[in-house]
Amino acid sequence: MLLTRLADVSREVAATAARSRKIALLAELFRDAEPDDVPIVIPYLAGRLPQGRLGVGWKALGQSVPPADGPTLTVREVDARLTELGEVSGPGSQAERARLVAALMGAATAGEQRFLLGLITGEVRQGALDALAAEGLAQATGAPPADVRRAVMLAGSLQAVAQALLAQGPAALDRFRLTVGRPVLPMLAHSASSVAEAVGKLGACAVEEKLDGIRVQVHRDGDVVRVYTRTLDDITDRLPEVTRAALGLAGRRFVLDGEVIAFDDTGRPRSFQETAGRVGSRVDVATAAEAVPVSPVFFDALSVDDRDLLDLPFAERHAELARLVPEPMRVRRALAAGPDDVPAMEGFLAGTLARGHEGVVVKALDAPYSAGRRGASWLKVKPVHTLDLVVLAAEWGHGRRTGKLSNLHLGARTADGGFAMLGKTFKGMTDALLLWQTERLRDLAVEEHGWGVTVRPELVVEIAYDGLQRSTRYPAGVTLRFARVLRYREDKRPEEADTVETLLAAHPEVAR
DNA sequence: TTCCGACAGTGGGGTCGCAAT
DNA sequence: ATTGCGACCCCACTATCGGAA
């Protein structure tokens with residue numbers, strides 16, 4: 001199959017808003033793909049590369065190359081060239097990669113170049129990714145969409161399911177079962193603004209400590225343990241403590257879901273930055289493990305002794321977990337029967353925060369494990385802080401925000417009467433607000449840059465954030481975590497904005 | 001008819017490790 | 001030694017479509 005066909009379909013998919021039409025377009029193309037094209041065409045039209053990481057980004061794609069006159073590239077040839085590209089390493093590799101990219105781009109037409117650029121940078125912007133590709137695959141093969149989705153969750157990848165489905169038909173889906181040693185997409189949580197709201201929605205539920213660490217899925221098959229991240233990367237070698245812990249448990253075959261986190265000598269959780277740095281260290285693991293030991297803490301069991309627990313209610317899965325995993329290696333929890341228990345659950349949340357954790361996750365006791373979905377049966381509740389900050393600058397947006405000032409630079413007042421930048425945010429704005437702030441900030445602009453404008457520090461904006469963290473990038477030595485806009489405060493003057501001093505006083509554990 | 005779940009898009013900060021300067 | 005970049009951890013929020021209620 002020619003690449004130009006994919007580029008055309010991708011453009012057509014991008015041009016339609018109707019999901020049903022996007023799915024139909026994808027299905028039509030999948031049907032036309034030759035068997036050898038399938039493992040490439042499917043991920044390409046899901047907006048991804050089958051190679052995953054390539055080591056090539058915006059910079060390597062930098063200079064534009066004159067496009068070819070006519071389409072000659074086949075999908076398989078492109079894939080072969082990109083595989084070669086991904087395998088280049090060692091000194092001089094950057095120049096070599098740039099040369100290979102230029103050669104590939106030179107063989108592509110203008111339309112193909114745009115498509116390739118989107119694929120490599122992960123910004124296809126066609127309004128269809130894995131989920132719609134899975135729907136298209138179902139339509140192309142006549143398999144029930146729900147069965148395809150489930151197979152994708154269990155396989156952890158669309159490609160494997162696509163290949164089996166297109167080669168053997170819908171019957172192949174039965175082969176995708178929960179298997180020890182093969183990771184499944186983890187269940188995710190929605191947000192709720194309070195414990196009362198969460199308990200009100202879910203009824204009988206468990207309220208569990210939310211640890212600020214790295215999500216892990218731990219598989220043990222006899223003496224073999226494997227540890228996977230949320231995106232199913234294998235990080236076993238970086239976490240010897242987790243392997244030891246899993247081997248110390250009574251069961252010999254199981255799949256557990258949990259979090260890995262570093263505690264200090266007093267048993268309080270270390271900052272997310274410290275845990276993430278440890279888990280990210282892969283060269284000298286022994287030294288890193290000595291400096292920052294981590295502990296696994298589990299909250300769910302997906303499989304025990306070859307019994308697939310995914311469809312069981314959470315209450316039953318947790319009973320299995322409790323049989324297998326002793327108390328300190330399980331997440332702390334409290335049970336609520338209904339709204340009458342809200343005060344007790346609020347007390348549990350307060351205790352959790354006092355112990356230094358992020359918040360709680362409220363989980364319906366009767367819900368199955370919805371692998372890969374942000375099921376409504378898990379609701380996280382975290383305290384939200386707010387600040388009144390001053391807009392110092394704004395950056396031009398991309399994609400659907402092109403032409404609008406989008407990303408705000410936020411400043412707090414300093415002792416000398418100036419402002420210290422604390423970070424940026426682009427979150428929380430409606431389209432109307434985006435339009436308004438673009439006008440307003442243009443009026444306040446004192447300098448135009450390629451990336452945006454700096455403005456007179458006059459506009460006060462109320463910002464919500466999850467916490468403060470240390471920073472080497474910003475002048476106050478701290479930055480906001482997950483900052484988002486709540487509303488503009490035109491009733492406030494910049495002299496009334498919050499100061500760095502009060503911010504630090506509100507987070508003594510970070511300011512220390 | 002209205003409501004709401006699922007998706008895609010738009011980016012944020014940090015850390016590690018590699019290659020280039 | 002330092003800097004720039006890519007990959008991958010954590011993530012919030014809005015707009016939209018289309019099925020459920």
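To find a chain, count down the sequence lines: A is the first, B the second, and so on, and within it residues start at 1. From a predicted model like this one, the values you see are computed outputs, not experimental measurements.
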Nearest-nucleotide comparison on DNA chain B, the residue closer to the 5′ end among A:Ser89 and A:Val124:
A:Val124

Nearest to the side chain of A:Ala131, heavy atoms from C-beta on, is which of B:dG13, C:dC9, B:dA8?
B:dA8

Within less than 4.0 Å of OP1 or OP2 of C:dG18, is there a side-chain N or O belonging to A:Ser20?
yes

Can you say whether the rings of A:Tyr228 and A:His219 are parallel (under 30°), tilted (30 to 60°) or perpendicular (over 60°)?
perpendicular

Base, sugar-phosphate or nothing for A:Thr430? Non-hydrogen atoms, less than 4.0 Å.
sugar-phosphate

Pairing nucleotide - B:dC7, Watson-Crick or G-U, each distance under 3.5 Å:
none

Look at the side chain of A:Lys382 and decide which nucleotide, out of C:dC9, B:dG13, C:dA12, has an atom nearest to it.
C:dA12

Proximity to DNA chain C (any heavy atom under 4.0 Å), residues of residues 479-490 of chain A only:
A:Arg481, A:Phe482, A:Arg484

Of the nucleotides C:dC9, B:dA8, C:dA12, which has the atom closest to the A:Asp233 side chain?
C:dC9

Proximity to DNA chain B (any heavy atom under 4.0 Å), residues of residues 271-283 of chain A only:
A:Gln273, A:Gly277, A:Gly280, A:Ser281, A:Arg282, A:Val283

Under 4.0 Å, counting only non-hydrogen atoms across every strand here, what does A:Lys427 touch: a base, just sugar-phosphate, or nothing?
base

Selected nucleotide, minimal atom distance to A:Arg230 side chain, candidates B:dA20, B:dG12, C:dC10:
C:dC10

Ignoring hydrogens and geometry beyond distance, is the side chain of A:Arg19 in donor-acceptor contact with the base of C:dT16 at under 3.5 Å?
yes

From C:dA15, B:dA19, C:dA12, nucleotide with atom closest to A:Asp431 side chain:
C:dA15

What is the distance, to the nearest angstrom, from the CZ atom on A:Arg150 to the P atom on B:dA6?
15 Å

Under 3.5 Å, sequence neighbours excluded: what are the donor-acceptor pairs made by side chains of residues 195-209 of chain A?
unit_1   : atom_1 : unit_2   : atom_2 : d
A:Glu197 : OE1    : A:Ser193 : N      : 3.2
A:Glu197 : OE1    : A:Ser193 : OG     : 2.5
A:Glu197 : OE2    : A:Lys201 : NZ     : 3.4
A:Glu208 : OE1    : A:Lys363 : NZ     : 2.7
A:Glu208 : OE2    : A:Arg333 : NE     : 3.3
A:Glu209 : OE1    : A:Arg332 : N      : 3.4
A:Glu209 : OE2    : A:Arg332 : NH1    : 3.0
A:Glu209 : OE2    : A:Arg355 : NE     : 3.3
A:Glu209 : OE2    : A:Arg355 : NH2    : 3.3

At under 4.0 Å between heavy atoms, what does A:Lys22 touch on the DNA or RNA strands: base, sugar-phosphate, or nothing?
nothing

